[in-house]
Amino acid sequence: MIPHEDNNAAAAKIRCPICDEPFRSDADSAPFCSARCRLVDLGKWLKGDYVISRDIKDADIEQGE
């Protein structure tokens with residue numbers, strides 16, 4: 001007999017970029033493990049810890065389409 005696989009079990013486990021904890025890719029807070037880690041990331045952007053390394057070129061915009 002083949003074991004029944006729960007649909008929720010099919011979601012991949014990934015690691016949070018802030019705390020490195022594993023979590024399910026279908027979590028409401030993805031790509032973070034929690035709302036707290038999402039806010040920590042936002043705070044880093046607002047403090048200037050993260051920066052865009054170069055000016056945006058027209059080719060960059062065209063690739064995003």
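Residues take their numbers from the sequence shown, with the count starting at 1.
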Query - Inter-residue atom distance Asp26.CG - Lys13.NZ, 0.5 Å rounding - result: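 Separation between the atoms: 10.5 Å.
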
Mind listing the closest non-hydrogen atom pair of [X] and [Y] along with its distance?
X	Y	answer
Cys37	Cys19	SG-SG, 3.8 Å
Arg15	Pro22	NH1-CD, 3.3 Å
Cys16	Phe32	SG-CA, 4.1 Å

Report task. Using atom types as modelled and distance alone, determine if a side-chain donor or acceptor of Arg38 lies under 3.5 Å from a backbone N or O of Ala30. Result ->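 Side chain of Arg38 to backbone of Ala30, a donor-acceptor pair under 3.5 Å: yes, one is there.
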
Report task. Ignoring hydrogens and angles, tell me if any N or O in the side chain of Asp60 forms a donor-acceptor pair with the backbone of Lys57 under 3.5 Å. Result ->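 Present.
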
**Report entry** CG/Leu46: more than 12 non-hydrogen atoms of other groups inside 6.0 Å
**Finding:**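 Counting neighbours around CG of Leu46, more than 12 heavy atoms of other residues, nucleotides or ligands fall under 6.0 Å, so yes.
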
Query raised in the report: Does atom CG of Asp20 have more than 12 heavy-atom neighbours, drawn from other residues, nucleotides or ligands, at distances under 6.0 Å?
Result: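 Yes - once you tally the heavy atoms of other residues, nucleotides and ligands closer than 6.0 Å, there are more than 12.
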
Query raised in the report: Is it true that Tyr50 and Val40 fall in one hydrophobic cluster, defined by side-chain heavy atoms closer than 4.5 Å?
Result: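 Yes: a chain of side-chain contacts under 4.5 Å links Tyr50 to Val40.
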
Query - Verify same cluster id: Leu42, Val51 (apolar side-chain graph, 4.5 Å) - result: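 No, it is not one cluster - the side chains of Leu42 and Val51 are not joined through contacts under 4.5 Å.
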
